[in-house]
Participant: 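One structure follows; several queries about it will come next.
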Number of protein chains: 2
Amino acid sequence: MQSRTPASRPGRPRSATADAAILAATREALVELGWSKLTLQDVAMRAGVAKTTLYRRWAGKNELVVDAVAELFDELRLPDAGSLAADIEGVVLQFAALLDRPECRSGLMAVVAESTRDEPLRERIRASVVERQKRLVVEGRSRAQARGELPPESDPEETARTIDLTFDMVAGAVVHRTLVSGKPADGPWIRSFIRVLLLGLSAPA
Amino acid sequence: MQSRTPASRPGRPRSATADAAILAATREALVELGWSKLTLQDVAMRAGVAKTTLYRRWAGKNELVVDAVAELFDELRLPDAGSLAADIEGVVLQFAALLDRPECRSGLMAVVAESTRDEPLRERIRASVVERQKRLVVEGRSRAQARGELPPESDPEETARTIDLTFDMVAGAVVHRTLVSGKPADGPWIRSFIRVLLLGLSAPA
DNA sequence: AGCTTTCGCTACGACCCGTAGCGTAATGGC
DNA sequence: GCCATTACGCTACGGGTCGTAGCGAAAGCT
């Protein structure tokens with residue numbers, strides 16, 4: 001996750017149990033304290049490890065929380081509900097449920113904010129969180145094109161741009177609705193959103 | 001801004017000069033240090049005031065940064081470029097320029113993250129930042145309806161939902177593009193975005 | 001065995017927080 | 001002009017977190 005083991009090094013290996021306990025303790029602390037009041041020594045206490053163990057594995061609070069939140073995004077799955085609209089609705093509902101969890105709300109936006117001044121952190125977020133979401137867009141899109149619900153594209157560069165645009169529109173709208181407007185991204189909202197989105201995307205270039 | 005003066009109170013009034021100096025110093029510190037390394041005593045030094053003066057006016061870092069960033073959003077204007085697409089392009093370009101400024105990037109997302117566990121803070125952000133953006137959507141929409149570019153609505157509740165949806169889609173996509181994907185919301189991107197958006201919004205219900 | 005790395009523990013200086021207390025400055029009411 | 005009231009700058013304080021260093025013991029590999 002954070003430090004690769006080149007084959008097997010000599011010496012005592014790192015405890016995988018401790019890793020899991022630390023990440024779970026981090027999420028627990030995020031729920032109870034939120035990002036700003038979360039301290040590394042509190043996480044160490046909860047996880048039952050020494051504070052120095054945390055610093056051996058993570059550079060700081062930012063990196064730790066990214067890894068703790070990233071695990072939540074493993075749950076995201078692309079359902080096969082028969083139509084593009086239904087597929088998107090299923091994914092967005094899962095995403096909205098994630099953003100409803102307090103450990104996600106307070107952690108994710110905070111590390112994104114930090115990443116504006118920390119390029120390695122941005123890359124870490126991109127690799128472990130954003131890519132997992134984006135893959136859902138790519139897969140859903142190719143599936144819809146096979147069904148004839150979206151116009152196919154020949155130019156691979158144009159395809160990449162359209163995927164980027166779709167991803168930013170979907171994820172951006174849901175996040176903004178949930179965290180800025182503070183209203184739930186529930187069924188009715190999602191369906192009206194998908195309607196606007198698909199009308200725009202399915203039109204010929 | 002943060003404490004209303006009921007008519008005129010007895011005693012020495014608060015220095016408006018100090019207010020402006022503090023907010024400017026906050027933005028300056030945001031540029032140089034970013035959100036996480038910004039401290040109130042550093043802001044006090046830069047502004048040439050005592051630390052206690054800061055605490056007399058703002059409850060803490062969160063509220064101070066919200067006010068400092070909110071002033072930036074005063075610059076947003078709705079241009080009259082003749083068509084809805086051109087109007088939106090103008091507004092989004094301004095918004096993207098705002099999000100390019102480091103004092104905005106690092107400050108805005110951080111307070112939004114904090115607001116997930118602080119309802120008064122969320123309300124403060126809504127009133128002083130979000131409302132100013134939303135008004136642009138409302139105005140641009142009614143202008144477009146007068147020009148016949150968007151279908152009119154009879155149900156006022158439906159109208160409110162459409163405005164909310166439009167706002168979340170526009171602001172969300174631009175923020176996500178800029179801060180999460182880390183790519184510029186430049187002219188070509190904005191135009192392809194507007195194309196998708198308007199195709200969806202201009203379709204009949 | 002011997003070597004290497006991790007782990008828990010303790011301690012440390014540095015820094016920031018948020019508040020209290022003081023004397024002084026600036027205003028409005030009488 | 002005097003006084004009550006509020007704002008201001010300054011100093012100081014206890015409490016907390018940070019990130020690091022050093023130590024002895026534990027747990028793997030060869």
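Chain letters run A, B, ... following the sequence lines, proteins first, then strands; residues in each count from 1. What you are looking at is a predicted structure, and each value in this text was computed from that prediction instead of being measured.
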Participant: Is the phosphate of C/dG8 approached by A/Thr53 (side-chain N or O, under 4.0 Å from OP1 or OP2)?
Facilitator: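 Yes, such a contact exists.
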Participant: At a heavy-atom distance below 4.0 Å, what parts of residues 59-66 of chain A sit against DNA chain D?
Facilitator: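 Those residues: none at all.
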Participant: Is there a salt bridge (charged side-chain N to carboxylate O under 4.0 Å, His left out) between B/Glu157 and B/Arg161? Walk through the geometry before answering.
Facilitator: CA-CA 6 Å; B/Glu157 217 172 273; B/Arg161 272 198 296 269; 3.6 Å; yes
Participant: For residues A/Leu64 and A/Leu40, determine if any side-chain heavy atom of one lies less than 4.5 Å from a side-chain heavy atom of the other.
Facilitator: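 Sidechains of A/Leu40 and A/Leu64: in contact.
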Participant: Expressed in angstrom and rounded to an integer, what is the separation of A/Lys51 atom NZ from C/dC12 atom P?
Facilitator: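 Rounded to the whole Å, the gap is 14 Å.
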Participant: Between the two ends of the helix from C/dA1-D/dT30 to C/dC30-D/dG1, what is the bend in degrees, rounded to 10 degrees, where each end axis spans five pairs?
Facilitator: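 That helix has its two terminal axes inclined by roughly 30°.
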Participant: The side chain of B/Thr52 is closest to which nucleotide in this list: D/dA12, C/dA20, C/dG8?
Facilitator: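 Among D/dA12, C/dA20, C/dG8, the one nearest the side chain of B/Thr52 is C/dA20.
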Participant: Using atom OH of B/Tyr55 as one end and atom P of C/dG18 as the other, report the distance to the nearest whole Å.
Facilitator: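 Computing the B/Tyr55:OH to C/dG18:P distance gives 4 Å.
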Participant: Could you tell me whether the side chain of A/Arg132 and the main chain of A/Ala70 form a donor-acceptor pair under 3.5 Å?
Facilitator: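 At least one qualifying donor-acceptor pair exists.
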Participant: Apply salt bridge (charged side-chain N to carboxylate O under 4.0 Å, His left out) to A/Arg57 and A/Asp19, showing your working.
Facilitator: CA-CA 9 Å; A/Arg57 306 184 183 204; A/Asp19 258 357; 2.6 Å; yes
Participant: Encode nucleotides 23-30 of chain D as B, S and - characters from 5' to 3', where the letter depends on protein heavy atoms closer than 4.0 Å: B to the base, S only to sugar-phosphate, - to neither.
Facilitator: ---BBB--
Participant: Rounded to the nearest angstrom, tell me the gap between atom CH2 in A/Trp58 and atom C1' in D/dG19.
Facilitator: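 Atom-to-atom, A/Trp58 to D/dG19, this comes out as 17 Å.
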Participant: I'd like to check B/Phe73 versus B/Cys104 (side-chain heavy atoms, cut-off strictly below 4.5 Å). Are they in contact?
Facilitator: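 Side-chain contact under 4.5 Å: yes.
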Participant: Looking for any heavy atom pair under 4.0 Å, which part of the strands does A/Ser15 touch: base, sugar-phosphate only, or nothing?
Facilitator: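 If one applies the 4.0 Å heavy-atom cut-off, A/Ser15 turns out to touch the sugar-phosphate alone, with no base involved.
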Participant: Which residues satisfy the side chain to side chain contact (heavy atoms under 4.5 Å, CB included) test with A/Ala50, sequence neighbours excluded?
Facilitator: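 Expected list: A/Thr52, A/Thr53.
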Participant: My understanding is that only residues two or more places apart in sequence, or in another chain, count here; which of them pass side chain to side chain contact (heavy atoms under 4.5 Å, CB included) with B/Thr159?
Facilitator: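 Applying side chain to side chain contact (heavy atoms under 4.5 Å, CB included) to B/Thr159 gives B/Glu153, B/Ile163.
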Participant: For DNA chain D, which residues of residues 105-122 of chain A approach it to below 4.0 angstrom with any heavy atom?
Facilitator: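 Result for residues 105-122 of chain A: none.
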Participant: Taking only residues two or more places apart in sequence or in another chain, which ones pass side chain to side chain contact (heavy atoms under 4.5 Å, CB included) with A/Ser36?
Facilitator: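 A/Ser36 satisfies side chain to side chain contact (heavy atoms under 4.5 Å, CB included) with B/Glu114 only.
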Participant: For a side-chain contact (heavy atoms from CB on, under 4.5 Å) check, start with the C-alpha distance between B/Arg27 and B/Glu71, then their side-chain angles and the critical distance, and finish with the verdict.
Facilitator: CA-CA 10 Å; B/Arg27 287 188 290 269; B/Glu71 284 192 338; 2.8 Å; yes
Participant: Could you list by number each residue of residues 32-47 of chain A showing a heavy-atom separation from DNA chain C of less than 4.0 Å, or answer none if no residue does?
Facilitator: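 When residues 32-47 of chain A is checked for heavy atoms under 4.0 Å from DNA chain C, there are no hits whatsoever.
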Participant: Cut-off 3.5 Å, no hydrogens considered: what does the side-chain donor-acceptor table look like for residues 87-97 of chain A, sequence neighbours left out?
Facilitator:
| unit_1 | atom_1 | unit_2 | atom_2 | d |
| --- | --- | --- | --- | --- |
| A/Asp87 | OD1 | A/Ala81 | N | 2.7 |
| A/Asp87 | OD2 | A/Arg143 | NH1 | 3.2 |
| A/Asp87 | OD2 | A/Arg147 | NH2 | 3.1 |
| A/Glu89 | OE2 | A/Arg191 | NH1 | 2.9 |
| A/Gln94 | OE1 | A/Arg77 | N | 2.9 |
| A/Gln94 | NE2 | A/Arg77 | O | 2.6 |

Participant: Hey, could you give me each pair passing salt bridge (Lys or Arg N to Asp or Glu O under 4.0 Å) that has a residue in residues 168-184 of chain A? Not counting sequence neighbours.
Facilitator: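 Matches after skipping sequence neighbours: A/Lys183-B/Asp164.
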Participant: When you measure from the side chain of B/Arg57, which nucleotide among D/dC8, C/dC17, D/dC18 comes out closest?
Facilitator: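 My answer, after comparing the listed nucleotides, is D/dC8.
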Participant: Could you tell me whether the side chain of A/Val43 reaches within less than 4.5 Å of the side chain of A/Lys61, counting heavy atoms only?
Facilitator: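 No, every pair of side-chain atoms sits at 4.5 Å or beyond.
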Participant: Between the main-chain N or O of A/Glu139 and the side-chain N or O of A/Ser142, is there a donor-acceptor pair closer than 3.5 Å?
Facilitator: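 Between the backbone of A/Glu139 and the side chain of A/Ser142 there is a qualifying donor-acceptor contact (under 3.5 Å).
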Participant: Could you check B/Val174 against B/Trp189 for side-chain contact (heavy atoms from CB on, under 4.5 Å), going step by step and ending with a plain yes or no?
Facilitator: CA-CA 10 Å; B/Val174 176; B/Trp189 181 86; 4.2 Å; yes
Participant: Please collect all salt bridge (Lys or Arg N to Asp or Glu O under 4.0 Å) contacts where either partner lies in residues 31-41 of chain B, sequence neighbours excluded, each pair once.
Facilitator: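 Sorted pair list: B/Glu32-B/Arg46.
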Participant: Strictly by ring pair (Phe, Tyr, Trp, His ring centres under 6.0 Å), give each pair with a member in residues 155-180 of chain B just once, sequence neighbours left out.
Facilitator: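 Listed by first then second residue: A/Phe167-B/His176, A/His176-B/Phe167.
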